[in-house]
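It should be emphasised that the depicted structure is a prediction, and the values quoted were computed from it without experimental measurement. Note on naming: letters A, B, ... go to the chains in the order of the sequence lines (proteins, then strands), and numbering restarts at 1 for each one.
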Amino acid sequence: MDKTYNPHELEQRWYHRWEESGCFRPTGQGEPYCILLPPPNVTGTLHMGHAFQHTLMDALIRYQRMRGRDTLWQVGVDHAGIATEMVVTRQIEAEGGKREDYSRDDFIDRVWQWKHESGSTITRQMRRLGASADWSRERFTMDPDLSEAVTETFVRLHEEGLIYRGPRLVNWDPVLQTAISDLEVVNSDEQGKLWSIRYPRTDGRGDVVVATTRPETLLGDVCIAVHPEDARYRELVGQTVELPLTGRRIPVIADDYVDPEFGTGCVKITPAHDFNDWEVGARHDFQPINIFTPTATINEQAPGRYRGLDRFEARERIIADLKAEGLLIEEKPHAMVVPRGDRSGQIIEPYLTDQWFVKMDELGELGLELVESGQVEFVPGNWINTYRHWMENLKDWCISRQLWWGHRIPAWYDEQGNIHVGRSEDEVRARQALDADVVLRQDEDVLETWFSSALWAHSTLGWPDPKRMASEGFERYLPTSVLITGFDIIFFWVARMIMMTGHFTGKVPFEQVYITGLIRDSHGQKMSKSRGNVLDPIDLIDGIELEHLVDKRTSAMMQPHLAKRIEKATREEFPDGIPAFGADALRITFTALAGHGRDIKFDLARCAGYRNFLNKLWNAARFTLMNVGDEALPVPAEAELDTLSRWILSRLNRTIVEVEQALSDYRFDLATRALYEFVWNDFCDWYLELSKPALQEAAASADPATARATRHTLARVLETTLRLLHPFVPFITEEIWQRIRVPAGVVGESISQTPWPEAGDPDRQAEADAEWLKEVISAIRSARTELNLAPGKPMPLLIEEGSPSDLARMERFGGLIRSLARLEHIEPADNRHDPATCATALAGELRLLIPLAGLVDVAEELARLSKQLEREEKGLEIVAKKLANERFVANAPAEVVARERSRQGEHQAAIADLTGRIRRLQQVGQAANPP
RNA sequence: GGGCGAUUAGCUCAGUUGGUUAGAGCGCUGUCUUGACAUGGCAGAGGUCACUAGUUCAAAUCUAGUAUCGCCCACCA
């Protein structure tokens, strides 16, 4: 083995072997365990959030697979309608072509071609991370069978009256020219303006002043509204005003939607271009006046001079005209909320179109019930509040998109405009008994991507085809065990899956939903291209040169002026680029950070720390292999095990239990920490060091039984630890395991197919012995350092006082203490030793004296002892205060009181000892330096 | 406006049903190249657990309030 752990080569090698061996497929044996991968966009590349979540999923999958569960990780990607069209359109434009030159079929062909060439980037990257998914079952939302599920769902919902089509005000993206759902609109706080406009009264008795942030929409105003209780305007209701620039007259109405406190208390009502106004208009029976074309230019409903202007030009023109007519009273800055499309970033228009909707009342109730009844459980539990709030305020779901890439809506129109919904045109004709000469035209729209991903749980398991359901394991794997995802798609996906799977299968899609935190940069900032703080997980695995990183972060910027700042920050933060940490180090960093908080700050220093940890593990393995040879070791009987071997096995058993508990609570951080501490603090820092004396040639021939037990324990503990670590760091554990399995006497092809270790009982006696031993060694080392004694130089140790058990332990472990604390010999103190020539350390009641060559530096030793005394006195004070409290003694549990009492005794003894020692030293000091 | 969350060492965070003198990693200080590992060993320094009041024998932990910060949802033109 190399001296230093080097992840790159071994990671590549092992993934291929695993995948080829088929060990990621479900075995069909054991209790099923299934995780659905939230299908990433086909256009996507692996970002930190994916890498994080995939690591958690893979850790669970590998863990459960080792525990003998029949494990299925269902992976796949979704077709991402808008995103994919944008990517392909950009590609066409980059080649000098134009999207408009493509027919629908040609464009779709082109998208498929793109998908075949570039659509598997993210799944390749998942393999780099070590994701142990069953790739033979990978699915795409546009696969024929998943498309069939989409059609079936649409038709059935339509038959049940849960899907309808109609003219509604929807969120319209005038650039992409499609409707989008409420969820795809992001409300952004922006600085806008508020204009106050004068509407002259037609009776000549003055004006009505309204405030608006969108003056261009006045072309579509149908009335002015005031609050019914607003005394100022009571006489105005029922009157008419002149709508500026149009020559139209509109009435003033009363509606309690109006907030009398805001602005002038008068509101212009534009039902076709504002969701609230739509409601108001409907209440008062106004016909909405749509003034926009689909690209948000002014249409023929408006006076001629504005027609053809886009919405922003129209605003300028209207402001100018109002000013010219003296109707503009005021223009002031105004903080407002602007709706923007999450994909295009464009300002969204409320726009009147015909769209398809899913009725949400019934489905929403079902979705709520499935969670409230506990059939689906959120982890952490608070997320139920978020879910509940949304489910209780559902609006109908606009599912049609004016795109080409996606599942085309299975609805056909005849020439009379009748709508026929069916699984195919043939089915529609047959069912409606339509003659062959009746012309049918299929709806041009497609369904939004989330409609198909909502079916992911049951459609990937074969629904609705009974034959496929049987072969894919529909009954076996549904409900799946747990869904792991971020809170950002609770509404988009989680809720819709619960409703759809619940509605169509009567089952829940998953029993638990583990909501992960969001990965941020080390300062807590969201990672984004425009902030220039994005880390690419692949760069953390492979490393990246500074120049390349700078290029990556500053190229193709939406706002090029930020590039300079980003470059500077990047050069400061990563002066040497990013080193190659390897996939395992990245993975275990993620699991270590995966607490139950909402944000996860990703710090490269943590990643480096875990890379170092893996290097430590690597070297512990080197040491072990060096000592155990490469043949199967004889297995010692329990009775032959030495105390320290029993101790490390006991600690190992406790670690197994801790990891299991942590994983069942989705506390990946605690699981990781338990393993880190065991490997580093127990196994490396103590057991390996304590094993060295026993393995030395002379010692081994003097006590072959202990040497044998030690060798076997080294191999056994290392091998078991590798299995515990394997779900988190699959590559390095496989690499080492292949070398240790023979000496450890374990059979198997791959660590990924070995069973998860079973925890035995802890050995309290061995633990107590080891703790004592560690305390004594640490006390000596500490004294040594504090007195500036040469660390390597052997020295004698004298012992005083001590309980019989101290003395017995000293007898048993003296050799180890000598070796680890670098002592010459240990012997009982006697009167020959002048305290002035010794330093003292305390371990429990045991007093450890270190004779010094010359006189001890009295001042220094006094300072040291006083510090210890102070500490003990403080401890005693706290304990004594408690015990002096009668109510504590009366009320606290007996064991707590007893513990305090024994502590009190310990402190008192230590204080007596230290005080005596200090007094003697002071006398010596005075004798040496008379005043 | 409604909801959720956070506040513990210089930084990033643990701290499970209240019970030692509140822990870890990184960073910092000192020291050591000893045949696993300098991506390391050993030994250290460092905290008024945001604040206030309460409950309790006992509070980082429970309750109420205050402050600061963050996120999600929502129709104030």
Is the shortest side-chain heavy-atom distance between [X] and [Y] below 4.5 Å?
{"X": "A/F888", "Y": "A/V897", "answer": "yes"}
{"X": "A/R283", "Y": "A/Y257", "answer": "yes"}
{"X": "A/V267", "Y": "A/F262", "answer": "no"}

Considering only the [atom1] atoms, how many Å lie between [N] and [M], rounded to the nearest integer?
{"N": "B/C57", "M": "B/C62", "atom1": "C1'", "value": "16 Å"}
{"N": "B/U8", "M": "B/G47", "atom1": "C1'", "value": "8 Å"}
{"N": "B/A24", "M": "B/G41", "atom1": "P", "value": "15 Å"}
{"N": "B/G46", "M": "B/U52", "atom1": "C1'", "value": "27 Å"}
{"N": "B/C13", "M": "B/U7", "atom1": "C1'", "value": "13 Å"}
{"N": "B/U68", "M": "B/U56", "atom1": "C1'", "value": "29 Å"}
{"N": "B/A58", "M": "B/G18", "atom1": "C1'", "value": "8 Å"}
{"N": "B/U61", "M": "B/U55", "atom1": "C1'", "value": "13 Å"}

Looking across every strand, which nucleic acid part, if any, lies under 4.0 Å from [X] by heavy atom: base, sugar-phosphate, or nothing?
{"X": "A/T213", "value": "sugar-phosphate"}
{"X": "A/Y257", "value": "base"}
{"X": "A/L670", "value": "sugar-phosphate"}
{"X": "A/V210", "value": "nothing"}
{"X": "A/A605", "value": "sugar-phosphate"}
{"X": "A/S778", "value": "sugar-phosphate"}
{"X": "A/F275", "value": "nothing"}
{"X": "A/R622", "value": "sugar-phosphate"}
{"X": "A/D603", "value": "nothing"}
{"X": "A/K268", "value": "nothing"}
{"X": "A/D277", "value": "nothing"}
{"X": "A/K601", "value": "sugar-phosphate"}
{"X": "A/R822", "value": "base"}
{"X": "A/H273", "value": "nothing"}

message: Using modelled atom types and a 3.5 Å cut-off, is there a donor and acceptor pairing between side-chain atoms of A/D277 and backbone atoms of A/T270?
response: yes
Answer yes or no: does a side-chain N or O of [X] lie under 4.0 Å from OP1 or OP2 of [N]?
{"X": "A/N276", "N": "B/C75", "answer": "no"}
{"X": "A/N627", "N": "B/A36", "answer": "no"}
{"X": "A/K692", "N": "B/A36", "answer": "yes"}
{"X": "A/W686", "N": "B/G41", "answer": "no"}

When you measure only distances, ignoring hydrogens and angles, does the side chain of [X] come within 3.5 Å of the base of [N] through a donor and an acceptor?
{"X": "A/K881", "N": "B/A58", "result": "no"}
{"X": "A/E689", "N": "B/A36", "result": "yes"}
{"X": "A/K616", "N": "B/C37", "result": "yes"}

Of all the choices, [options], which nucleotide is nearest to the side chain of [X] once you look at every atom?
{"X": "A/M336", "options": "B/U21, B/C13, B/A77", "answer": "B/A77"}
{"X": "A/S782", "options": "B/G44, B/G41, B/C57", "answer": "B/G44"}
{"X": "A/R611", "options": "B/U39, B/C57, B/G30", "answer": "B/U39"}
{"X": "A/K526", "options": "B/C72, B/G70, B/G41", "answer": "B/C72"}
{"X": "A/N615", "options": "B/U39, B/C75, B/A14", "answer": "B/U39"}
{"X": "A/F487", "options": "B/C71, B/U39, B/A43", "answer": "B/C71"}
{"X": "A/R781", "options": "B/A43, B/C37, B/A36", "answer": "B/A43"}
{"X": "A/R903", "options": "B/U20, B/G41, B/C72", "answer": "B/U20"}
{"X": "A/N619", "options": "B/A43, B/C37, B/U21", "answer": "B/C37"}
{"X": "A/A892", "options": "B/G30, B/G19, B/C75", "answer": "B/G19"}

Find the partner of [N]: check Watson-Crick (N1-N3 plus N6-O4 or O6-N4) and G-U wobble (N1-O2, O6-N3) distances, both under 3.5 Å, and reply none if neither fits.
{"N": "B/C28", "value": "B/G44"}
{"N": "B/G1", "value": "B/C73"}
{"N": "B/U34", "value": "none"}
{"N": "B/A67", "value": "B/U7"}

Would you say the side-chain atoms of [X] and [Y] include a donor-acceptor pair closer than 3.5 Å?
{"X": "A/K268", "Y": "A/T217", "value": "yes"}
{"X": "A/Y5", "Y": "A/N619", "value": "no"}
{"X": "A/D255", "Y": "A/H284", "value": "yes"}

field: Audit row: A/K882, A/V889, side chain to side chain contact (heavy atoms under 4.5 Å, CB included) steps and yes/no
entry: CA-CA 8 Å; A/K882 278 190 194 175; A/V889 179; over 6 Å; no
message: Expressed as a whole number of angstroms, how long is the span from A/L690:CG to B/G41:P?
response: 15 Å
query: Could you give the CG-to-C1' distance, from A/D599 to B/C13, as a whole number of Å?
result: 13 Å
field: Most 5' of A/D669 and A/P893 on RNA chain B, judged by nearest nucleotide
entry: A/D669
statement: Between A/G265 and A/C684, whichever has its closest RNA chain B nucleotide further toward 5' is A/C684
task: Only counting residues at least two apart or in another chain, list the ones meeting ring pair (Phe, Tyr, Trp, His ring centres under 6.0 Å) with A/F623.
output: none
